[in-house]
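None of the values given here were measured: they were computed from a predicted structure.
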Amino acid sequence: MHIRDFRIEDYEAVTDLWAEAGLPFRPDGRDRRDRIARELAGGQALFLVAVAGDRLVGVVLGTHDGRKGWINRLAVASDSRRQGVARALVEEVEARLQLLGIAIVACLIEGENESSQALFAELGYVRHPEIVYHAKRFVPDA
């Protein structure tokens, strides 16, 4: 397995992987092909894929605002789980964010996703139960 930058031709394989993983994504909104391409061109996204042979087996989207990094959309193919793919993707995003001078990385995990919570705890992420997440969507698929 090796990790490389996402290419727009990976889009269908990535969205298939998100669907397989049960990851909520918005193919008609912020996760549209053209929106992802625009985000990548903006210079604040680190979109990485893990490839085994000629097959995409993992994906992660890292972003930053210049101060804090975020890990989003981490997914691994069901037959490639428990093999270190997710860990390798997270560690690569962390390393690239550190090279950009980002000193703090965070992630948001849905409450029922216990395997992701366990992974990030193993990687040294601290849960902050006192933080309440609020969001405002200007359009439903955002």
Check: Arg33 side chain, Ile8 main-chain N or O, donor-acceptor pair, under 3.5 Å: yes
For Ser80 against Arg55, the heavy-atom pair lying closest together: OG-NH1, 4.1 Å
Minimum side-chain heavy-atom gap Ile36-Arg73 below 4.5 Å: no
Phe6 side chain reached by Leu61 side chain, heavy atoms, under 4.5 Å: no
Shortest non-hydrogen separation from Ala75 to Leu23 and the atoms involved: CB-CD2, 4.4 Å
Results of ring pair (Phe, Tyr, Trp, His ring centres under 6.0 Å) for Trp18 - residues two or more places apart only: Phe25
Flag, side chain of Gln117 to backbone of Gly111, donor-acceptor distance under 3.5 Å: yes
Where Ala86 and Leu119 come nearest, the two heavy atoms and their spacing: CB-CD2, 3.7 Å
Gap between atom CG of Asp16 and atom CG of Leu56 - 0.5 Å precision: 9.5 Å
Shared hydrophobic cluster, Leu108 / Ile102 (ILVMFWY, side-chain heavy atoms < 4.5 Å): no
Student check: side-chain heavy atoms of Glu110 and Pro24 closer than 4.5 Å: yes
Tyr125 reachable from Leu48 in the ILVMFWY side-chain graph, under 4.5 Å edges: yes
side-chain contact (heavy atoms from CB on, under 4.5 Å) between Arg30 and Arg137, worked out: CA-CA 11 Å; Arg30 69 176 174 230; Arg137 297 183 193 281; 3.0 Å; yes
Heavy-atom pair of closest approach, residues Leu40 and Ala45: CD2-CB, 4.1 Å
Ion pair Arg35/Glu39, N-O distance below 4.0 Å: no
Derivation of the side-chain contact (heavy atoms from CB on, under 4.5 Å) call for Gln44 and Thr63: CA-CA 5 Å; Gln44 293 175 299; Thr63 61; 5.6 Å; no
Side chains of Glu122 and Arg87 in contact at under 4.5 Å (non-hydrogen atoms): yes
Non-hydrogen side-chain atoms of Glu94 and Val90 separated by less than 4.5 Å: yes
Flag side-chain contact, heavy atom, 4.5 Å: Asp31 against Arg26: yes
Side-chain heavy-atom pair Val93, Leu74 within 4.5 angstrom cut-off: no
Interatomic distance, Leu97 atom CG to Glu92 atom CD [nearest 0.5 angstrom]: 10.0 Å
Shortest non-hydrogen contact between Gly66 and His64, atoms and distance: N-ND1, 3.0 Å
Side-chain ion pair, Arg32 and Asp34, N-O less than 4.0 Å: yes
Linked, directly or transitively: Leu46 and Val76 (ILVMFWY side chains, under 4.5 Å): yes
Atom CD of Glu12: over 12 foreign heavy atoms under 6.0 Å: yes
Test side-chain contact (heavy atoms from CB on, under 4.5 Å) applied to Val14 and Phe47, step by step: CA-CA 11 Å; Val14 165; Phe47 206 170; 4.0 Å; yes
Test log, rule side-chain contact (heavy atoms from CB on, under 4.5 Å), inputs Glu91 and Leu123: CA-CA 9 Å; Glu91 289 174 346; Leu123 291 170; 3.8 Å; yes
Heavy-atom pair of closest approach, residues Gly58 and Leu89: C-CD1, 3.7 Å
Arg81 and Ser115, any side-chain heavy atoms less than 4.5 Å apart: no
Same cluster (ILVMFWY, side-chain, under 4.5 Å), Trp70 and Val105: no
Joint cluster assignment, Ile71 & Val57, ILVMFWY side-chain distance < 4.5 Å: yes
